[in-house]
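Quantities reported herein were computed from a predicted structural model and do not represent experimental measurements.
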Amino acid sequence: MVNRGKSDRKWKLRLLILLAFFSAGCSGQGEKPKDERFYEDDVTSEKEEYIVVGFAQIGSESDYRIANSASFRETFCEENGYYLLFEDGQQKQENQIKALRNFILQEVDYIVLDPVVETGWDEVLQEAKAAGIPVILSDRSVTVEDEGLYTCWVGSDFEEEGRKAGRWLEDYLKSEGREEEEIRLVTLQGTLGSSAQIGRMNGFAEVLRLHDRWNMLEYASGDFTQSKGQEVMARFLDTYPDIDVVISENDNMTFGAIEAIEEAGKTCGPKGEIIMISFDAVSEASFTAMKEGKLHADVECNPFLAPKVDEIIGRLERGETVEKIQYVEEQCFDAFMDLDAIMEQRKY
Ligand code: GYE
């Protein structure tokens, strides 16, 4: 790793401020420095000692994503010694690759990448490596030939999330005395090829394989958005009149699916006919859906990853080694728990 001294940083920050100044009005997405910075006389002031971090975010497709972006903006702030360049990829890999190339050009100190899909990153990560810029993966991960192309990854154990959903369904059907029944399932998948989609699907499939009577009718992607979730669910309902279980790979698709189910004159959740299982449990809306009896269970996915990334950067700055894979703690909630008490104790 290249040794990034403080004077080096000062030069880069000057360059960044200039770039931001000249591109003001046309970039739209980036974090812009406060006005007074442009007129800073004292170039040796502490403000120039920031660690510059380029964050290539996926988009703003879900409540998870909004909370995740907020986590980064809050943590990577001036008070904490950071200068954040935030790029929203609008769920397109090409935008994220472009963002990474810009970060390399601007000689940021660290790149944080939340990759929309797992494949197709080798080339740009090689460019970052050649430039001596450490890349930290956050939330989703990549599949690359050489694992040395990124420093580490921090995120959720998506396979375990999928298994949790499967085990929850297993226990629930048992508690209802339905273990011998034929169960017809459908899956609303997230963005195809993304770590969250692949992991959740594979984890759930491990449990699915243990049950001959569970029949997965179809997998189809709703791209993690509410509108597509609703659209795909409406089609599922048209195609299969007797769905018992919906596995929805995130809450926003679940909200869309609930709408589609109600529009079709059907019901879901403990108070209805169809068993609804979801992922994220980030927003109040997820808990409200469970409290209203429209959603059975929600496997938590923790979006507050920025403090972990901050900790990792701190270690790297001190020349310490970091673990290659770091998971965050998560639980599973269901409509039969004391959700008010859980929400009161929760930090988010
Ligand atoms: O579940 C979904 C979001 O990658 C874990 O992406 C994340 C997923 C999350 O859009 O809501």
Side-chain angles (χ1 to χ4, degrees), residues 58-67 90-91 161-162 165-166 168-169 172-173 176 178 181-192 194 196-197 200-201 204 208 213-301 303 332-337 339-340 343:
I58 289 172
S60 49
E61 74 283 1
S62 66
D63 295 340
Y64 171 98
R65 193 62 51 211
I66 307 296
Q90 302 186 347
Q91 283 187 285
E161 289 179 357
W168 186 91
L169 180 61
Y172 181 69
L173 291 173
E176 295 275 290
R178 295 175 68 182
E181 252 178 56
E182 289 291 324
I183 303 292
R184 289 163 298 263
L185 305 94
V186 287
T187 296
L188 286 169
Q189 298 171 293
T191 303
L192 295 180
S194 69
Q197 179 271 310
R200 288 169 187 168
M201 185 186 72
F204 187 84
L208 179 70
R213 293 191 172 84
W214 292 12
N215 179 15
M216 185 63 75
L217 302 170
E218 195 180 326
Y219 293 94
S221 175
D223 213 13
F224 285 130
T225 68
Q226 178 154 348
S227 58
K228 287 193 190 147
Q230 182 169 359
E231 206 178 292
V232 176
M233 188 67 223
R235 186 180 61 72
F236 278 163
L237 290 164
D238 273 351
T239 319
Y240 313 103
D242 47 8
I243 296 167
D244 297 303
V245 180
V246 177
I247 305 296
S248 170
E249 285 175 353
N250 88 338
D251 282 348
N252 294 82
M253 292 192 297
T254 303
F255 303 146
I258 294 174
E259 274 183 47
I261 290 169
E262 290 175 347
E263 264 167 30
K266 300 201 173 199
T267 51
C268 59
K271 289 195 181 147
E273 313 142 63
I274 300 174
I275 299 174
M276 245 319 171
I277 302 177
S278 187
F279 295 85
D280 281 356
V282 169
S283 63
E284 216 181 308
S286 330
F287 283 82
T288 305
M290 281 190 277
K291 287 202 287 186
E292 286 177 347
K294 295 181 177 183
L295 171 62
H296 279 81
D298 209 347
V299 180
E300 183 184 32
C301 186
C332 178
F333 305 108
D334 70 35
F336 312 102
M337 293 174 167
L339 296 173
D340 288 323
M343 279 183 84

Partner residues of [X] under the side chain to side chain donor-acceptor pair (under 3.5 Å) criterion, sequence neighbours left out:
X: T225; answer: none
X: W214; answer: none
X: S62; answer: none
X: S248; answer: T254

Going by salt bridge (Lys or Arg N to Asp or Glu O under 4.0 Å), name the residues that satisfy it together with [X], two or more places apart in sequence or in a different chain.
X: D334; result: none
X: E181; result: R178
X: K291; result: D340
X: E61; result: R65, R140

Yes or no on side chain to side chain contact (heavy atoms under 4.5 Å, CB included) for T187 and M201, after CA distance, side-chain angles and deciding distance? CA-CA 9 Å; T187 296; M201 185 186 72; 5.7 Å; no
With distance as the sole test, does [X] use its side chain to make a donor-acceptor pair with the main-chain N or O of [Y] at under 3.5 Å?
X: N215; Y: I183; result: no
X: D244; Y: R184; result: yes
X: T267; Y: E273; result: yes

Any chance you could measure [X], atom [atom1], to [Y], atom [atom2], to the nearest 0.5 Å?
X: F224; Y: I58; atom1: CZ; atom2: CD1; answer: 8.0 Å
X: R200; Y: S194; atom1: CZ; atom2: OG; answer: 8.0 Å
X: E292; Y: K271; atom1: CD; atom2: NZ; answer: 8.0 Å
X: E249; Y: C301; atom1: CD; atom2: SG; answer: 11.5 Å
X: W168; Y: L173; atom1: CH2; atom2: CG; answer: 8.0 Å

Shortest non-hydrogen contact from [X] toward [Y]:
X: I277; Y: A165; result: CG2-CB, 3.9 Å
X: E300; Y: A281; result: CA-CB, 4.0 Å
X: A67; Y: P303; result: CB-CG, 3.7 Å
X: L192; Y: S221; result: CG-CB, 3.8 Å

Taking only residues two or more places apart in sequence or in another chain, which ones pass ring pair (Phe, Tyr, Trp, His ring centres under 6.0 Å) with Y219?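 Ring pair (Phe, Tyr, Trp, His ring centres under 6.0 Å) list for Y219, sorted by chain: empty.
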Which donor-acceptor pairs under 3.5 Å do the side chains of residues 236-243 make with protein atoms, sequence neighbours left out?
| from | atom 1 | to | atom 2 | distance (Å) |
| --- | --- | --- | --- | --- |
| T239 | OG1 | R235 | O | 2.6 |
| Y240 | OH | E218 | OE1 | 2.5 |

Please report the C-alpha distance between M276 and I261 in whole Å, then the side-chain angles of each, then the deciding distance to 0.1 Å, and finally whether the side chain to side chain contact (heavy atoms under 4.5 Å, CB included) criterion is met. CA-CA 11 Å; M276 245 319 171; I261 290 169; 3.7 Å; yes
Under the salt bridge (charged side-chain N to carboxylate O under 4.0 Å, His left out) rule, what pairs show up with a residue in residues 253-267, not counting sequence neighbours? E262-K294
S286 and side chain to side chain contact (heavy atoms under 4.5 Å, CB included): which single residue from D280, D251, N250 fits? D251
With under 30° as parallel and over 60° as perpendicular, where do the rings of Y172 and H296 fit, or are they tilted in between?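 The rings of Y172 and H296 stand perpendicular, inter-plane angle above 60°.
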D63: partners by side chain to side chain contact (heavy atoms under 4.5 Å, CB included), with sequence neighbours left out: N252, F255, S283
Between F287 and F333, does the ring centroid distance fall short of 6.0 Å?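 Between F287 and F333, the centre distance is under 6.0 Å.
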